[in-house]
Number of protein chains: 2
Amino acid sequence: MTTAGTAPETAARSGSAAARQHSLREHNLELVARAVFEGPEPLSRAGVAASTGLARATVSTLVDQLVAAGLVRELPAVTGGRAGRPAVPLVPARRTVVGLGLEVNVDYLGVRALDLTGEVVAERVLPGSFHDSDPAAVLGRLGELAREVSHEVTAAGMTVAGGRLALPGLVDPRAGLLQVAPNLGWSSLEPVPLLGLDLDVRVANEAKLAALAELAGGSDVAAPDSFVFVSGDVGIGAAIVVDRRLFLGERGWNGEIGHVVVDPAGPRCSCGAFGCLEQYAGKEAMMRAAGLPPDAPLTDLVARLRAGDAELTAGRALGSALADFVNLIDIGTIVLGGAYTDLLPWLRVDVEAALGERVLAAPFVELQVRAAQAGPHAALTGGAREVLAQVLADPSAWV
Amino acid sequence: MTTAGTAPETAARSGSAAARQHSLREHNLELVARAVFEGPEPLSRAGVAASTGLARATVSTLVDQLVAAGLVRELPAVTGGRAGRPAVPLVPARRTVVGLGLEVNVDYLGVRALDLTGEVVAERVLPGSFHDSDPAAVLGRLGELAREVSHEVTAAGMTVAGGRLALPGLVDPRAGLLQVAPNLGWSSLEPVPLLGLDLDVRVANEAKLAALAELAGGSDVAAPDSFVFVSGDVGIGAAIVVDRRLFLGERGWNGEIGHVVVDPAGPRCSCGAFGCLEQYAGKEAMMRAAGLPPDAPLTDLVARLRAGDAELTAGRALGSALADFVNLIDIGTIVLGGAYTDLLPWLRVDVEAALGERVLAAPFVELQVRAAQAGPHAALTGGAREVLAQVLADPSAWV
DNA sequence: CGCATTAGTTGTACGACTGAACTATTACCC
DNA sequence: GGGTAATAGTTCAGTCGTACAACTAATGCG
């Protein structure tokens, strides 16, 4: 008993655990669920068997379990013009299981519930100003919104699988701790208990979750599997997605591109250092450079740029910082989010020029810069998607 | 047959394949092998069972297979002063299976064979000058050295599991292609066939493999599980190790810290851009700054610094670039290799100051800067270790 | 209407892990 | 010195998940 007690820690350290018979089933259940969810068009049982390499008999029992658990739905058998028994197409189940995305940001609170098809089944967004706010009060209010949403979906027969709370700051997801969120004026607190929810909620950085929302892809463009997501606002945050998974570094504090050196002789930054990217390509800096007040709405800047009454010089600095990023991590696709999405037409030339000049591997690979596809409040969508991804990763918990 | 043909690709794309019965065994075989190899002190069968969570009966059969395959060795049973049947300690087998590390660098060729205990069982190092050399001739010569080593170890009854060829340049490990190695004057070639070896050899970047050598740890200090390894020489390369595994980005071209911006108003770099780190902290820049010829040996610089006849200003630039690195990927331990290992005493203060100033998370985490532990020609050791790690990851191939 | 074709199901076989009982070997204590 | 407790390792029946093959189901086509 004493020695056995150390087993879980050791297993966790090495990242893998003993595999039993039922681990096999869990693994294959995930494999089948993924095949159904990620396939470009609906697959039949036989199609799943072909694409996974599992035997048809095995797939049948696994699919039956997923259907019984309410994760997968059978469409009416479709006779596709060719001989043979018609296939039964399998699709993600609608309105049975939902993931909750929660967010506190400088200008709004929000909760969004997504089902397995990616559809928004309930939502509350509360605009406001949460500069230097009281964490307990704000998170309490957010908790109320979440309870409203939660009741709404459970009343409709759905199950809430869990939640993700997006916060604009340094967050340690493993410890459930917010270290500091400068724009909220929050520091060193455990946000989840203040929500007062009877639900498995984890915290995450806002830019990281917004990046995950990109994985859904746009209507026209497919989402890349690996990309760097850069969210430009007052602060500038980034997330690294490799093979559709977040790369978090040791503590989830990576992607602080806003404080990369652009010019050591540049202006002093709020972080104390000199010449950080934020001083060139942060929202306030861009506004000032265009002769607008720093807290003017983004649309004002876009209007000026459209009219030709201002120029956007932030692209050079952004491109320089992105070139550093690409040189250091080698991810060839850059997705620009936040304010940069709308500003991309005036940024693209300078950014691409800087990448071409400074990225060592530029001659050998096509670097892509594209606008974010996810709509407003992307972190809400990303958070809900992450919860659902976890359901998908371990469907056996729902069987 | 037509549909089944797509299975492997699909499985490969999603990163996981169908799990059969024998996958279970493979997984657990790896688990047991890892427990034996990575444990701080030798474990018995019962100890492995406790640490992995597998049943004793299962562990026994798995261990027996590993012993039969020559990967694990049983030490004489030891009576440890306490009651009960004495345990049989299990340790990595000596001189049964070896991995080969190969390297072409500017000033030498080398081949090193390591066995599972990490001991060097054979080695050839050939100093020389391979600036602007002929790839076919040089790789042919290296192939001869490798054949000598290979014959030596097979004559002693060992099996060669494979090899890794380390090259100082942009390497695509997946495609087995060297894009460009500026200091060798090589570009766009497939190096492995030129070795003329009847062996599974893959290419890799020199700094990446040198980083893996660090995982063995020093005699005094344990190796960290996650770190950034920076190798300073004429060029400056880096590798990212997370949970004891290389993070390679999309193509293995990451870690190009030598071309991170230190000052856009700085001197022009060989890459075409301005103010790259290499122009401040590359070996030639450091030599010049100390009033030495750019190709002087490192010992000359160290002698001057010891005597107080020169100052090393590279630390500020290096610290600035490292701060960018840490802000972007959040790895708290930095291991300095190459020329930096010996220069660390004169770099440390400036590097740590820059990290403290520029790293956003600095107040919340202790950043560590340490010297590389692996000895000379670390890439040879790292390459051999990677081959052996692959043996460990799939022992079933040897059973 | 029968045959070829494809989808899905059923049943047997096999392989891998588990738990419990068993053997082996030592320390400790009276 | 012998009995007892303790620990290591082995044996064996039991259980579970997948594979393979044979089967049923449902459709198109000639």
Side-chain angles (χ1 to χ4, degrees), chain A residues 1-4 7 11 17-32 36 42-68 72 74-90 395-396 399, chain B residues 1-4 7 17-32 36 42-67 72 74-90 395-396 399:
Chain A
M1 202 59 186
T2 49
T3 48
R20 330 277 158 102
Q21 301 287 105
H22 69 88
S23 319
L24 251 193
R25 170 129 303 190
E26 284 169 24
H27 177 96
N28 286 335
L29 210 50
E30 173 182 354
L31 193 70
V32 169
V36 171
L43 287 172
S44 65
R45 286 170 172 79
V48 171
S51 90
T52 58
L54 291 166
R56 285 212 311 272
T58 310
V59 169
S60 264
T61 60
L62 294 173
V63 166
D64 289 347
Q65 289 190 45
L66 292 174
V67 170
V72 165
E74 293 181 310
L75 293 182
V78 64
T79 143
R82 66 173 196 281
R85 173 176 174 171
V88 177
L90 303 168
S396 57
V399 171
Chain B
M1 202 57 186
T2 47
T3 49
R20 332 273 157 117
Q21 301 286 107
H22 68 89
S23 320
L24 251 192
R25 168 129 305 189
E26 284 169 23
H27 178 96
N28 285 335
L29 209 50
E30 173 183 353
L31 193 70
V32 169
V36 171
L43 287 173
S44 64
R45 286 170 172 78
V48 171
S51 89
T52 58
L54 291 167
R56 286 212 311 272
T58 310
V59 169
S60 264
T61 60
L62 293 173
V63 165
D64 289 347
Q65 288 190 47
L66 291 174
V67 170
V72 165
E74 293 180 310
L75 293 182
V78 63
T79 144
R82 67 176 195 281
R85 174 175 171 172
V88 177
L90 303 167
S396 57
V399 171

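Excluded from the calculations below are hydrogen atoms, water molecules and symmetry mates; all remaining heavy atoms, backbone and side chain alike, are included. Remember, predicted model here, so these are calculated numbers, not experimental data. Chain letters run A, B, ... following the sequence lines, proteins first and then strands; every chain starts at 1.
In terms of the side chain to side chain donor-acceptor pair (under 3.5 Å) criterion, residue partners of B:Ser396 (sequence neighbours excluded) are, by chain and number, B:Asp394.
Taking side-chain N and O atoms only, A:Arg25 has a distance below 4.0 Å to OP1 or OP2 of D:dT18. Between C:dT18 and A:Arg20, a contact under 4.0 Å exists linking OP1 or OP2 to a side-chain N or O. Between D:dG17 and A:Asn28, no contact under 4.0 Å exists linking OP1 or OP2 to a side-chain N or O. A sub-4.0 Å separation between OP1 or OP2 of C:dA27 and a side-chain N or O of B:Thr79 is present.
Rounded to a whole Å, the NE2 atom of B:His27 is 16 Å from the C1' atom of D:dG17. Note: CG (A:Leu75) to P (C:dA7) measures 16 Å, nearest angstrom. Distance, B:Leu54 CG to C:dG19 P: 11 Å, rounded to whole Å. The separation between B:Leu31 atom CG and C:dC17 atom C1' is 13 Å, rounded to whole Å.
The residue from B:Val72, B:Val32, B:Leu66 that alone fulfils the side chain to side chain contact (heavy atoms under 4.5 Å, CB included) condition with B:Pro395 is B:Leu66.
Contact between B:Arg45 and B:Val59 at its shortest, heavy atoms only, is O-CG1, 3.5 Å. Of all the heavy atoms in B:Pro89 and B:Val78, the pair that sits closest is CG-CG1, 3.8 Å. Between B:Leu54 and A:Ala18, the closest heavy-atom pair is CD2-CB, 3.5 Å.
Set against C:dT18, D:dA19, D:dG17, the side chain of A:His22 has D:dG17 as its closest nucleotide.
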(request) Quick one, give me the B/S/- string for nucleotides 4-15 of chain D, reading 5' to 3', where B means a protein heavy atom under 4.0 Å from the base and S means that only happens at the primed atoms, P, OP1 or OP2. (result) --BBBBBB----

(request) Evaluate side-chain contact (heavy atoms from CB on, under 4.5 Å) for A:Leu24 paired with B:His27, printing each intermediate quantity in order. (result) CA-CA 11 Å; A:Leu24 251 193; B:His27 178 96; over 6 Å; no

